[in-house]
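Please read the structure below before turning to the comments.
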Amino acid sequence: MDTRRRNLLIGSSAAAAAAAIGLPALGAPAKRGNAPDLHIELHAGPDRVAIRPGATTQVWRYRSRLLRGDAAALEAGAGGYLGPVIRVRAGQRVRIDLVNGLPESTIVHWHGLHVPDTMDGHPRFAIAPAGRYEYEFTVANRAGSYWFHPHPHGRTGKQVHAGLAGLFLISDDEEAALGLPDGAHDLPLVLQDRTFDADNQFVYLGSSGDGAGKQGGGMMGGGMMGGGMMGGRTGRSMMGGGMGSMMAGMMGVLGDQILVNGSLQPGREVERRAYRLRLLNASNTRTYKLAWNDASPLTVIGTDGGLLAAPVQRDYLMLAPAERADLWVDFGRWPPGTELTLRSLAFEGGMDMGGMMGGRAALPDGAAFAVHSFRVGAGAAKAGTLPRRLSAIPAPEPRLAVNAERPKVFELTMGMMVWGINGAGFDMLGASELETVKLGTQEVWEFRNDGRRSMMGMVMPHSMHVHGVQFRVIGRSVSNKFSNEYGTVSAGLVDEGWKDTVLVMPGERVRILLRFADYPGLFLYHCHMLEHEDSGLMRNYRVKA
C-alpha cells in the first residue's frame with residue numbers, strides 16, 4: 001500500500017477497521033534532519049520467561065537494540081518479562097524503530113511525553129504483524145519517570161497484561177544538581193498483578209494456554225461480546241462465563257499475585273543509606289494504597305511529570321493505574337537486619353465485582369496485601385541529605401484559562417454494558433466541539449464520576465489519563481453519598497506536582513488545568529483501567545492551530 005492510498009484510508013470511514021487489523025509497514029513520516037542522539041530498535045514479540053518454579057510462562061515483551069548513542073542509555077529491563085529501561089536527557093533527539101513481531105497489530109504510546117500526535121501512539125497508526133513504525137522526537141519533558149506500552153484499540157489491556165511495558169527515564173540539569181540517589185540506589189519498582197493457571201501461564205479474560213496470542217479475544221475480537229472477559233480466579237468465582245465474563249471485561253481484570261519488575265520477588269537487601277524508589281502502577285485495573293508496615297511516613301519527591309517543588313510526606317500513598325511516584329527512603333534510619341515491607345492497605349470504593357455478581361475476586365481491589373520487602377543490611381549508616389527544595393514549579397493559574405468560569409465537563413458514563421464519556425464511546429478519528437481546543441491556550445476540565453448518566457447509577461473508580469500534556473490538579477469534591485469511601489483514600493493523594501493521570505473516585509469531581517502547546521493534532525484522553533479504555537472509556541481531543 002503506497003502512502004497516498006494509506007492516507008486515503010486513514011481519512012475514510014474505514015479507518016477504525018484499518019487500525020484494528022493494522023496497516024502495512026509504513027509508519028508516520030519522520031522529519032529527518034541530523035542524525036539523532038539516540039537510535040534504538042524496539043522489537044515486540046513472544047518469549048518465554050521463568051517466573052514461577054516449573055514451566056516457563058509465555059509472554060509478549062519488548063526487546064531492544066542500540067543503533068546509535070551512549071550505551072548507558074539502554075538497559076536490558078527492570079526485570080522478568082519487562083522491556084528495556086531507556087534513559088535520556090531533556091533536549092536529546094531520539095529515534096526509535098518499532099518492529100511488530102506479534103501475531104496482531106500494535107503501536108507504542110510514550111506515556112507522559114510531550115510529542116507530536118504522529119509520535120504519540122494513537123491507535124489509528126497501529127501496524128500489522130511484521131510492520132515497522134518510526135518514531136523521532138526531541139525530548140521536551142522535565143526529568144521524571146515515564147513509561148511506554150502498547151495502545152491498539154480494543155487490545156491494549158491484553159497486550160499490556162501479556163507483558164509489553166518498559167520505562168522511559170528522563171534526566172535534566174535541574175535534577176542533576178540535587179545529587180539524588182543514583183546508580184544502584186535508584187530503584188524502579190513496577191507493580192503489576194497477575195493470575196497463573198496450573199501450567200504457569202497468565203490467565204486473562206477467562207483464558208490461558210499456549211501463548212499470549214490466545215489470552216482471550218479482547219474487547220473487539222470475541223471478548224466483550226464473545227463471553228471471554230473474566231480475569232483469572234475472578235472469572236471462575238463468578239458465573240462461569242457469559243454474563244460474568246462480560247462484567248469482568250467491563251469492570252477490569254484483577255490478578256491474585258503481585259509482581260514487582262515482572263517477577264515474583266520476595267524482596268531485596270538494601271544498604272543503610274538513601275534510595276530513590278521509582279514506583280509505577282502498571283497494573284491493568286488495580287489501585288494500590290501504599291504504606292510501610294511500621295507506619296513510618298512516605299516521603300514523596302516526584303509524581304507523573306517529575307519532581308515536586310518540595311518533598312511531601314504521606315502516611316500512605318494512593319497509586320492508580322499508570323500513575324507514578326518517586327520516594328526518598330533513607331534506610332539508614334533502621335537498624336541492620338530490619339525487615340521493612342511496603343504494603344497495600346485496605347480501602348473502600350475499589351472495584352467490587354463480587355458485590356455486583358455474587359462472587360469475589362481472590363484478591364479484591366481494595367484488599368490489604370504485601371507488595372515488596374526490604375531487608376536492611378549491615379554496616380554503618382551513610383548520611384544522606386534530602387533537599388528542602390527540589391524544583392521550580394509555578395503555581396497553577398486557572399484564571400488564565402479561556403474557560404476559567406465555565407469548566408468543560410466530561411462525565412464518565414455507562415450504558416448497555418459499555419463505557420463512555422458524556423455518553424459517547426470511542427471514535428477513531430472523531431472529536432466533538434467540546435473536545436476541540438485551540439493551540440496555545442489553557443483550559444479547565446472537570447471529570448465527573450457520580451453515575452448520574454450511567455446504567456443503574458453504576459459508579460466505580462477511574463484513572464483518567466490525557467495524552468500529549470502534563471496538567472495540574474486544581475480541585476476535588478465528592479458527594480456526601482460517597483464521603484465514607486473517599487475518606488479511606490483522600491489523605492494519600494498527591495496533587496502538588498505535574499500529572500498526566502489522575503484517580504477519580506466514586507462520587508468525585510476532579511478539576512484539572514491543561515495547556516495545549518507546540519503540537520496541533522488528534523490526541524487521546526481515557527481511563528487507564530485498561531479494560532475500561534478498551535470497552536469505550538476513551539475519546540479524542542483535537543488541538544487546532
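Side-chain atoms are counted along with the backbone in the values below, which use heavy atoms only and exclude waters and symmetry mates.
The aromatic rings of W147 and H528 lie tilted to each other, with the angle between the two planes from 30° to 60°. Classified by interplanar angle (parallel below 30°, tilted 30° to 60°, perpendicular above 60°), the ring pair W445/Y541 is perpendicular. Note on ring orientation: taking the six-membered ring where Trp is involved, the planes of Y519 and H114 are tilted (angle from 30° to 60°).
To the nearest 0.5 Å, the span separating NE2 on H462 from OG1 on T501 amounts to 14.5 Å. With values rounded to the nearest 0.5 angstrom, R448 atom CZ is found 11.0 Å from L412 atom CG. For the atom pair L342 CG and I258 CD1, the distance stands at 11.0 Å (nearest 0.5 Å). Rounding to the nearest 0.5 Å gives a distance of 13.0 Å between NZ of K158 and CG of N284. Distance check: R48 CZ to T57 OG1 gives 8.5 Å after rounding to the nearest 0.5 Å. How far CG of L279 is from CG of L319: 6.5 Å, rounded to the nearest 0.5 Å.
Here the side chains of F447 and V466 are in contact, with some heavy-atom distance below 4.5 Å. Between D37 and V94 the shortest side-chain heavy-atom distance does not fall below 4.5 Å. K408 has its side chain within reach of V437: a pair of non-hydrogen atoms, C-beta onward, lies under 4.5 Å apart. Between P123 and M428, some side-chain heavy-atom pair lies under the 4.5 Å cut-off. Residues P461 and L503 have side chains in contact (heavy-atom distance under 4.5 Å, counting atoms from C-beta outward). Put simply, the side chain of I86 reaches to within 4.5 Å of the side chain of I40, judged on heavy atoms. No side-chain heavy atom of R132 sits less than 4.5 Å from a side-chain heavy atom of L98. Side-chain contact check for I170 versus L113: some heavy-atom pair is nearer than 4.5 Å.
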Name each donor-acceptor pair under 3.5 Å that joins a side chain in residues 68-77 to protein atoms two or more places apart or in another chain, with its distance.
{"from": "R68", "atom 1": "NE", "to": "P36", "atom 2": "O", "distance (Å)": "2.7"}
{"from": "D70", "atom 1": "OD1", "to": "A72", "atom 2": "N", "distance (Å)": "3.0"}
{"from": "E75", "atom 1": "OE2", "to": "R87", "atom 2": "NE", "distance (Å)": "2.5"}

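A donor-acceptor pair under 3.5 Å links the side-chain atoms of R286 to the main chain of P364, judged by distance alone. Between the side chain of N100 and the main chain of E104, a donor-acceptor pair closer than 3.5 Å is present. Under a 3.5 Å cut-off, the side chain of T195 and the backbone N or O of D256 do form a donor-acceptor pair. For the pair R542 (side chain) and L429 (backbone), a donor-acceptor distance under 3.5 Å is present. Side-chain N or O atoms of N141 include one that pairs as donor or acceptor with a backbone N or O of G112 at under 3.5 Å. Here the side chain of N449 pairs a donor or acceptor atom with the backbone of M505 at under 3.5 angstrom. Panel note: side chain Q201, backbone T56; a donor-acceptor pair is recorded below 3.5 Å. Judged purely by atom type and a 3.5 angstrom limit, E41 has no side-chain atom pairing as donor or acceptor with the backbone of L66. For D304 (side chain) and R324 (main-chain N/O), a donor-acceptor pair under 3.5 Å exists by modelled atom type. Looking at T413, its side chain does come within 3.5 Å of a backbone N or O of G420 through a donor-acceptor pair.
Surrounding CZ of R52 are more than 12 heavy atoms belonging to other residues, nucleotides or ligands, all under 6.0 Å away.
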As a quick check of understanding, evaluate ring-ring contact (aromatic ring centres under 6.0 Å, His included) for H153 and F426, giving each step before the final call. CA-CA 9 Å; H153 180 42; F426 183 55; 4.6 Å; yes
When you look at F516 and F523, which way does the ring-ring contact (aromatic ring centres under 6.0 Å, His included) test go after all the steps? CA-CA 11 Å; F516 307 100; F523 297 88; 8.9 Å; no
List the steps and the verdict of side chain to side chain donor-acceptor pair (under 3.5 Å) for S283 and N281. CA-CA 6 Å; S283 299; N281 181 355; 3.3 Å; yes
Evaluate E435 against Y525 for side chain to side chain contact (heavy atoms under 4.5 Å, CB included), listing each step before the verdict. CA-CA 10 Å; E435 295 162 326; Y525 70 104; 2.5 Å; yes
Test side chain to side chain contact (heavy atoms under 4.5 Å, CB included) applied to Y288 and L317, step by step: CA-CA 8 Å; Y288 297 83; L317 170 69; over 6 Å; no
Stepwise, does the side chain to side chain donor-acceptor pair (under 3.5 Å) test hold for Q92 with T138? CA-CA 6 Å; Q92 284 189 313; T138 298; over 6 Å; no
Could you walk me through whether I512 and V510 pass side chain to side chain contact (heavy atoms under 4.5 Å, CB included), step by step? CA-CA 7 Å; I512 64 175; V510 177; 4.2 Å; yes
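Taking the six-membered ring for Trp and the full ring otherwise, the centers of W110 and F168 sit less than 6.0 Å from each other. Between H161 and F202, the ring center distance clears the sub-6.0 Å criterion.
Minimum heavy-atom separation, A44 to L164: CB-CD2, 4.2 Å. Taking each heavy atom of S344 and V371 in turn, the nearest pair found is N-CG2, 3.8 Å. In this structure, L280 and A322 approach most closely via the heavy-atom pair CD1-O, 4.2 Å. In this structure, N540 and H122 approach most closely via the heavy-atom pair OD1-NE2, 2.7 Å. Shortest non-hydrogen contact noted between G101 and P46 is O-CD, 3.5 Å. For the residue pair V88 and L38, the shortest heavy atom distance occurs at CG1-CD2, 3.7 Å.
The closest side-chain donor-acceptor pair between R278 and S145 falls under 3.5 angstrom. E433 and T436 share no side-chain donor-acceptor pair at under 3.5 Å. For E323 and S463, the side-chain atoms include no donor-acceptor pair closer than 3.5 Å. Side-chain contact of T156 with H149: a donor-acceptor pair under 3.5 Å is absent, judged by distance alone. D500 and Q470 share a donor-acceptor pair across their side chains, judged by distance under 3.5 Å alone.
No cation-pi contact links R61 to Y81, judged by a cut-off of 6.0 Å to the six-membered ring centre and 45° from its axis.
Residues in residues 110-123 take part in these salt bridge (charged side-chain N to carboxylate O under 4.0 Å, His left out) pairs, two or more places apart or across chains: D117-R124.
Screening E531, H532, M529 against L537 for a side-chain contact (heavy atoms from CB on, under 4.5 Å) leaves a single residue, H532. The side-chain contact (heavy atoms from CB on, under 4.5 Å) test with Y135 singles out one residue from T118, I107, L42, D97, and that residue is I107.
In terms of the ring-ring contact (aromatic ring centres under 6.0 Å, His included) criterion, residue partners of H467 (sequence neighbours excluded) are, by chain and number, H109, H151, H465, H526.
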